[in-house]
2 protein chains.
Amino acid sequence: MTTAQRLPARTRLLQTADRVLFDRGIRATPVDELLREADVSAATLYTHFGSKDALVAEALRVRLADWRAVWDQHVVAAADDTARLLAVFDAMAVYRSDQHHPARWCAFLAAATELPETADEIDDALAADTALLAERLLHLSRPLAGERAQDLADEVLLAYGGTLAAFLRGSPRSPIEAGRRLAHSAVRAHRRA
Amino acid sequence: MTTAQRLPARTRLLQTADRVLFDRGIRATPVDELLREADVSAATLYTHFGSKDALVAEALRVRLADWRAVWDQHVVAAADDTARLLAVFDAMAVYRSDQHHPARWCAFLAAATELPETADEIDDALAADTALLAERLLHLSRPLAGERAQDLADEVLLAYGGTLAAFLRGSPRSPIEAGRRLAHSAVRAHRRA
DNA sequence: ACTGTTTCAGAACGATCGTTCTGGTGTAAC
DNA sequence: GTTACACCAGAACGATCGTTCTGAAACAGT
């Protein structure tokens, strides 16, 4: 058991937080459980992050960066404007199936629900997620809907959020397929107009 | 201050629970705060409900019944098949603007997020909400999409859930309008097919 | 070998919260 | 007037949890 291959405690904590907090619930997971799973002492956590909330906020920032990268790949790989806009659903499928990023549904919406009126850091992370989605979807909607791009972007954002809510609800069975179809019909509606 | 006009403690508790729990957060609201706002003693709460979770479950059941009634009214008042399917968005607008039913977003999805692995009663309430939505939307989709009614119902359910998630996210600004447009384009897509 | 840094295990503290207990008041039926 | 029931105020208990403290081990750079 050499220490050579061992990742630093901070990294282990972040990975464990991402894996456990957003899958079992943020408030439902006590700090002690994180410490046990990450094999880290309490003192180390609090020297690195200062509080559980700050760890949550940092885990959200990392998650957003990862998600953004996955989404990027699927946008650049898409063939045409429609595929680029709908790439968000393909990215979601890949991101969710990735064993390194389990989650009951959306980590950001879960944080907003579980932790109302807490650290500003967490609100900021949620705002950053929403801003990324809104800006990108608007940008990707422009070539398809022109002046009506904002409406189309709003609709695709709703289809995205509805897909996430469907995971929480457990219905329908294939949320991503339904979400993609929904967004697709929104695109067709705007192209005709 | 005669006692004549005073509602029974059980009713006051349920009304307060509906108003406070789902607006400020279920876990974020301590029992003591409910007791203070309902002007009820702790002993009374526990003789009537047995636990906070049971009170939450009962409040969810009442909320579902109220929501179902409002939705009903809008379905029967609708002019044609399309309006009947989209009536769920009009009902949402009315239900949300009703001062007696404030909420940060959806009480059922919030309960599922805030209280994972708790009382079965609460899971049952969420399941009942999803079942009501799924069955009704499927029924209302039949005259519009025939054999593809399930797909259309899934899509409208996603648009509905996305609208709720948009309230939590704060974006877009007018979620119900966007949700309605989204569902409308789904209907048109299925009518053409 | 010395020093600074990182990390550890584990106990302890303090606050919050759900729940129960004690003892009692007010009201309505008979 | 007594019995029964609904309700009250407030203290108290027990459990959980975030956080801090104590004291020490492992390791890196010089």
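On a predicted model such as this, the values are computed, not experimentally measured, just so you know. Chain identifiers are assigned alphabetically (A, B, ...) following the order of the sequence lines, protein sequences preceding nucleic acid strands; residue numbering begins at 1 within each chain.
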> Could A:Arg63 and A:Phe22 be counted as a cation-pi pair, given that NZ or CZ must be under 6.0 Å from the ring centre and within 45° of the axis?
Replying inline: no
>> Can you classify the ring geometry of B:Tyr95 versus B:His101 as parallel (below 30°), tilted (30 to 60°) or perpendicular (above 60°)?
In response: parallel
>> Applying a 4.0 Å non-hydrogen cut-off, can you work out what A:Ser51 is touching in the nucleic acid: base, sugar-phosphate, or nothing?
In response: sugar-phosphate
> Separation of B:Asp39 atom CG from C:dT25 atom P, in whole Å?
Replying inline: 19 Å
> If you check the B:Ala43 side chain, which of C:dG18, D:dC8, D:dC17 turns out closest?
Replying inline: D:dC8
> Looking at D:dC8, C:dA9, D:dT19, which one has an atom nearest to any side-chain atom of B:Thr44?
Replying inline: D:dC8
> Just checking A:Asp53: base, sugar-phosphate only, or nothing, at a heavy-atom cut-off of under 4.0 Å?
Replying inline: nothing
> On DNA chain D, nearest-nucleotide positions of A:Tyr46 versus B:Ala42: which is more 5'?
Replying inline: B:Ala42
> Can you tell me how far C1' of D:dC7 sits from NE2 of B:His48, to the nearest Å?
Replying inline: 8 Å
> Could you state the CG-C1' distance from B:Asp32 to C:dT16, rounded to the nearest angstrom?
Replying inline: 10 Å
>> For the CD atom on B:Glu37, are there more than 12 heavy atoms of other groups (residues, nucleotides or ligands in this structure) within a distance under 6.0 Å?
In response: yes
>> Can a donor-acceptor pair be found, under 3.5 Å and without considering hydrogens, that links the side chain of A:Arg104 to the backbone of B:Ala112?
In response: yes
> For B:Leu55 and C:dG18, what is the distance between atoms CG and P respectively, to the nearest whole Å?
Replying inline: 11 Å
> Do you know the tightest heavy-atom contact between A:Ala93 and A:Ile176?
Replying inline: CA-CD1, 3.5 Å
>> Rounded to whole Å, how long is the line connecting atom CZ of B:Arg10 with atom P of D:dA6?
In response: 12 Å
>> Output the rounded distance in Å from CZ (B:Arg6) to P (C:dT25).
In response: 18 Å
>> Does D:dC7 have its OP1 or OP2 closer than 4.0 Å to a side-chain nitrogen or oxygen of B:Ser41?
In response: no
>> Measure CG/B:Leu35 against P/C:dT20 and give the value in whole Å, please.
In response: 13 Å
> Within the structure shown, what part of the strands sits under 4.0 Å from A:Arg27 by heavy-atom distance: base, sugar-phosphate, or nothing?
Replying inline: nothing
> Rounded to the Å, how far apart are A:Arg36 CZ and C:dG10 C1'?
Replying inline: 14 Å
